[in-house]
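Computed from a prediction, not measured in an experiment: that's the story for all the values here. Counting starts at 1 for both ligands and their atoms, in listed order.
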Amino acid sequence: MANTVIIGAQWGDEGKGKIVDMLSAQSRVIVRFQGGNNAGHTIRVKGEETILHLIPSGILHEGKICLIGNGVVLDPEVFLREADHLKARGIDVSPARLGISKKAHLIMPYHKSLDKAREAKRAGHKIGTTGRGIGPCYEDKAARVGLRAGDLANPELVRQKVRHALLEKNVLLRELYKYDTLDEAAVCDELLQLAPRLIPYLTDVESRIHEAVNAGGDVLFEGAQGIHLDIDHGTYPFVTSSNTVAGNASAGSGVAPSRLDRIVGIVKAYTTRVGSGPFPTELLDDTGSYLRSNGHEFGATTGRPRRCGWLDAVILRETVRLNGLTDIALTKLDVLRNLPALRICVAYDCQERRFEYLPQEEGALERVTPVYEELPGFEEDISQCSSFADLPAAVQTYVRRIEELTGVKVSLISVGADRQQTIVR
Ligand code: GDP
Ligand code: IMO
Ligand code: MG
């Protein structure tokens with residue numbers, strides 16, 4: 001299948017988990033390379049749903065190696081809870097097939113406190129983070145004061161780093177945010193208590209990927225979030241704190257960029273967004289509510305209702321350009337059923353100017369008016385269709401139009417949440 005990167009083409013929740021699970025059948029190794037448990041990746045197999053926040057979405061396939069790369073920020077407690085949950089269902093989560101990079105940074109309790117405290121203080125202009133400590137953890141990484149998973153084997157180093165961190169964080173929490181401070185000994189003891197369970201998972205992720213690639217490859221890199229949440233290329237400041245672009249599969253896991261063969265963008269057949277930030281095609285009317293209820297658009301991590309709107313080809317063209325997409329996997333097409341007409345945004349108008357690409361100035365996207373193209377809707381139930389030819393003419397037209405507007409082939413079409421409900425073209 002070649003070494004493949006999976007990325008979310010919009011603002012997250014495109015159905016990456018489903019597609020990664022499906023493609024895992026033909027892969028040897030599955031790797032998460034950025035983000036943390038801000039992600040919620042849903043897989044459904046024969047009606048049984050699994051939501052993964054940290055462990056790669058290949059884990060349901062027996063024998064596949066699942067690795068958490070250096071680019072991920074890892075909450076130790078969440079990792080162990082997720083592993084326990086899977087184990088209770090009879091899934092092998094032993095270190096023989098699940099590994100964590102020693103270079104991955106650890107999310108600490110003070111990261112979560114700071115995340116929540118800052119959001120609370122940003123009244124009126126919240127980012128709408130997941131509150132999982134993601135941003136503050138990446139801040140410490142960049143500031144070169146973070147704890148890394150490999151440090152767990154060195155209790156003295158853990159205590160030293162926590163002491164240093166709390167010297168600063170407790171002042172912020174107490175003085176600026178009027179928030180509870182954290183006790184140094186308690187933070188260290190809690191983490192070191194988990195260490196014996198985590199240490200067996202620590203591994204040299206780069207070497208394991210390198211070996212797999214050299215032995216014939218088929219490594220799958222599982223992106224989290226979406227391209228327009230990228231810290232550099234997204235709708236800053238309403239973004240997450242990591243690079244979500246496919247290029248980060250390399251930096252975030254240690255694989256050489258020349259080893260990546262295929263970049264698949266997961267495109268939801270309409271658009272959703274959780275949290276604040278510009279969303280030109282957002283629908284605040286009945287159609288938006290219809291998409292939310294028909295698509296069950298409620299966050300897999302926080303349960304928040306997702307904002308919904310029409311498909312935006314301007315956003316997608318930018319995604320194609322930033323990632324060099326080789327293919328598109330189009331998901332949730334079934335959700336569009338029974339809408340009288342379908343709309344795709346093909347450009348933006350802003351102050352007498354027409355934009356085919358995203359304007360780059362902060363705040364500019366808030367002021368654009370989408371230019372829509374209208375296509376016929378469909379009433380048929382497509383959830384059991386198993387080939388492109390089975391799809392009603394209107395659906396085929398919609399898919400082909402997406403290919404024209406993006407210049408990328410739609411090679412997978414998802415017509416339902418279950419693993420089986422996927423059309424391979
Ligand atoms: P991810 O974060 O990109 O992995 O996506 P999420 O799991 O957060 O959200 C996608 C949701 O859509 C999940 O509840 C999936 O089970 C569901 N889903 C995925 N593909 C399809 C599809 O083709 N049709 C429908 N109806 N649901 C889907
Ligand atoms: P998956 O992998 C959708 C959003 C949050 C918020 C912003 C910053 O399931 O697609 P953060 O906690 O990362 O600092 O929050 O990013 N966000 C997501 N939205 N899907 C996700 O992940 C997301 N991860 C973060 O809602 O707007
Ligand atoms: Mg999700």
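Counting atoms of ligand 1 from 1 in the listed order, those under 4.0 Å from a heavy atom of A417 are 16 (O), 18 (N), 21 (C), 22 (C), 24 (N), 25 (C), 27 (N), 28 (C). Within the listing of ligand 2, atoms 1 (P), 2 (O), 10 (O) sit less than 4.0 angstrom from a heavy atom of K16. For ligand 1, the atoms closer than 4.0 angstrom to any heavy atom of V335 are 26 (N). Atoms of ligand 1 found under 4.0 Å from any heavy atom of G17, numbered from 1 in the order shown, are 4 (O). Per-residue contacts place S414 under 4.0 angstrom from the following atoms of ligand 1 (heavy atoms of the residue considered): 20 (N), 21 (C), 22 (C), 23 (O). With ligand atoms numbered from 1 in the order given, ligand 1 contributes 1 (P), 2 (O), 4 (O), 7 (O) to contacts under 4.0 Å with heavy atoms of H41.
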Item to complete: Could you go through the side-chain contact (heavy atoms from CB on, under 4.5 Å) check for L405 and V346 one step at a time?
Response: CA-CA 8 Å; L405 288 166; V346 293; 3.8 Å; yes
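Among protein heavy atoms, the minimum distance from atom 10 (C) of ligand 1 is reached at D13 O, 3.9 Å. Closest to atom 26 (N) of ligand 1 among all protein heavy atoms lies D334 OD2, 2.8 Å.
With G40, A9, G299, G12 as candidates, the residue nearest to atom 6 (P) of ligand 1 on a non-hydrogen basis is G40. Closest heavy-atom approach to atom 11 (P) of ligand 2 among the candidates T240, V73, V239, D115: T240. Across G35, G40, G36, heavy-atom proximity to atom 9 (O) of ligand 2 is greatest for G40. Distances from atom 22 (C) of ligand 1 to the heavy atoms of S383, G226, G8, G416 show the closest one on G416. For atom 17 (C) of ligand 1, the candidate residues are H53, K18, K332; the nearest heavy-atom contact is made by K332.
Here the angle centred on the Mg ion (ligand 3), running from O of G40 over to OD1 of D13, is 170°, rounded to 10°.
Side-chain atoms of N70 never come within 3.5 Å of backbone atoms of K103 as a donor-acceptor pair (strictly under, hydrogens ignored).
Considering OG1 of T130 and NE2 of H53, their distance stands at 10.5 Å, rounded to 0.5 Å.
Using a 4.0 Å cut-off between heavy atoms, T42 contacts ligand 1 through both its backbone and its side chain. Contacts between V415 and ligand 1, counted as non-hydrogen atom pairs separated by less than 4.0 Å, involve the backbone only. Counting heavy atoms under 4.0 Å from ligand 1, residue E222 does not touch it at all.
Residue D13 has at least one nitrogen or oxygen atom sitting less than 3.5 Å from a nitrogen or oxygen atom of ligand 2, judged on distance alone. Looking at ligand 2, you won't find any N or O of S241 less than 3.5 Å from one of its N or O atoms. Checking only distances, Q225 does come within under 3.5 Å of ligand 2, N or O to N or O.
Under 2.8 Å from the Mg ion (ligand 3) lies no N/O/S atom of A39, from backbone or side chain alike.
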